[in-house]
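Contents: one structure, followed by commentary.
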Amino acid sequence: QVQLVESGGGLVQAGDSLRLSCAASGRTFSNYAMGWFRQTPGKEREFVAAISRGGVSTNCADSVKGRFTISRDNAKNTVYLQMNSLKPEDTAVYYCAADRWRTLGRATNEYDTWGRGTQVTVSS
């Protein structure tokens, strides 16, 4: 099973940018489709973006379309989430997840492995 560690979160102001990274280890990274999700206290974990194994195909939630971009570097075993024009409502813990058998999933139960998350806080 692959292990995932997120980094890059922090406290920023509205309109700023952040790039999250998720480093994978333990298995062949390119065998896994990857996704980013986020969660705030008392709410369900929600889909943000997903990318196929080779990085050719992506999709993202309507709430982040045009602002967030998912990408991956299979040589570095890392998936990224570039977040631009951040809004206070983007404040959440962001998790990356790996999917061994499907691709571009939007549901949490489609993913096999999760990282521990990184906090993103956007002040107004």
Side-chain angles (χ1 to χ4, degrees):
Q1 199 173 26
V2 67
Q3 289 82 47
L4 305 173
V5 179
E6 303 94 337
S7 62
L11 171 62
V12 297
Q13 293 188 329
D16 286 350
S17 298
L18 273 178
R19 188 176 80 157
L20 305 183
S21 299
C22 173
S25 62
R27 294 289 184 181
T28 304
F29 179 64
S30 58
N31 286 343
Y32 293 82
M34 299 297 294
W36 284 98
F37 289 74
R38 65 187 182 186
Q39 189 171 23
T40 54
K43 292 191 175 181
E44 296 287 322
R45 193 168 295 187
E46 67 170 358
F47 170 75
V48 176
I51 190 165
S52 61
R53 289 165 181 77
V56 173
S57 300
T58 64
N59 64 20
C60 65
D62 289 344
S63 59
V64 306
K65 197 166 291 184
R67 300 188 298 121
F68 291 11
T69 302
I70 188 171
S71 62
R72 67 189 295 163
D73 185 340
N74 285 346
K76 294 183 178 180
N77 293 346
T78 303
V79 62
Y80 305 98
L81 185 68
Q82 178 66 45
M83 306 187 294
N84 299 329
S85 302
L86 282 160
K87 304 176 181 180
E89 51 263 43
D90 295 318
T91 296
V93 177
Y94 283 72
Y95 299 89
C96 71
D99 181 351
R100 179 66 180 88
W101 305 111
R102 294 160 290 259
T103 190
L104 300 178
R106 290 175 169 248
T108 56
N109 62 7
E110 295 183 69
Y111 290 83
D112 314 301
T113 305
W114 294 81
R116 293 191 173 186
T118 185
Q119 176 71 47
V120 172
T121 303
V122 184
S123 63
S124 58

- Note: Phe37 and Arg106 closest approach over all heavy atoms is CE2-O, 3.6 Å

- Got a donor-acceptor contact below 3.5 angstrom from the Arg72 side chain to the Ser52 backbone? yes

- Task: Give a yes or no on whether the backbone of Thr91 and the side-chain of Arg38 come within a donor-acceptor separation of less than 3.5 Å.
- Result: no

- Item | Joint cluster assignment, Val48 & Leu4, ILVMFWY side-chain distance < 4.5 Å | yes

- Message: Using only atom types and a distance under 3.5 Å, with no angle test, would you say the side chain of Arg53 pairs donor to acceptor with the backbone of Ser30?
- Response: no

- Item | Short side-chain to backbone donor-acceptor contact, Glu46 and Glu44, under 3.5 Å | no

- Going by the angle between their ring planes, with limits at 30° and 60°, are Trp114 and Tyr95 parallel, tilted or perpendicular? perpendicular

- Query: If you look at every heavy atom in Gly105 and Ala50, which pair is closest and at what distance?
  - Reply: O-CB, 3.9 Å

- Message: Please find the pair of heavy atoms, one from Val12 and one from Ser17, that lie closest to each other, and give the distance.
- Response: CG1-O, 4.5 Å

- Taking side chain as C-beta onward, heavy atoms only, is Thr118 less than 4.5 Å from Val93? no

- Examine Val79 and Phe68 and state if one hydrophobic cluster contains both, with Ile, Leu, Val, Met, Phe, Trp and Tyr joined whenever side-chain heavy atoms are less than 4.5 Å apart. yes

- Message: Quick check: is Leu86 connected to Ile70 through a chain of hydrophobic side chains (ILVMFWY, heavy atoms under 4.5 Å apart)?
- Response: yes

- Query: Below 4.0 angstrom, N of the basic side chain to O of the carboxylate: do Lys87 and Asp90 qualify?
  - Reply: no

- Output yes when a side-chain donor or acceptor of Arg67 lies under 3.5 Å from a complementary backbone atom of Ser85, and no otherwise. yes

- So do Asp16 and Leu18 actually touch side chain to side chain, heavy atoms under 4.5 Å? no

- Message: To check you understand the geometry: which heavy-atom pair defines the closest contact between Arg100 and Asn31, and what is its length?
- Response: NH1-O, 3.5 Å

- Task: Using a 4.5 Å cut-off on heavy atoms from C-beta on, say whether the side chain of Leu104 contacts that of Ser57.
- Result: yes

- Note on the structure: For Ser21 and Thr78, the nearest pair of non-hydrogen atoms, with its separation, is CB-CG2, 4.2 Å

- Item | Cluster check Met34, Val64: I/L/V/M/F/W/Y, side chain < 4.5 angstrom | yes

- Residues, nucleotides or ligands: over 12 heavy atoms within 6.0 Å of Arg27 CZ: no

- Working to the nearest 0.5 Å, report the span between CG of Asn109 and CG of Asp99. 10.0 Å

- Query: Within the distance-only criterion (no hydrogens, no angle test), does the side chain of Ser71 pair as donor or acceptor with the backbone N or O of Leu81 below 3.5 angstrom?
  - Reply: no

- Following the transitive rule for hydrophobic clusters with a side-chain heavy-atom cut-off under 4.5 Å over Ile, Leu, Val, Met, Phe, Trp and Tyr, establish whether Phe29 and Trp36 coincide in one cluster. yes

- Query: Is any side-chain heavy atom of Glu6 less than 4.5 Å from a side-chain heavy atom of Leu20?
  - Reply: no

- Message: If we ignore hydrogens and angles and just use 3.5 Å, is the side chain of Tyr32 paired with the main-chain N or O of Asp112 as donor and acceptor?
- Response: no

- Item | Exercise: identify the closest heavy-atom pair between Gly9 and Val120 | CA-CG2, 4.1 Å

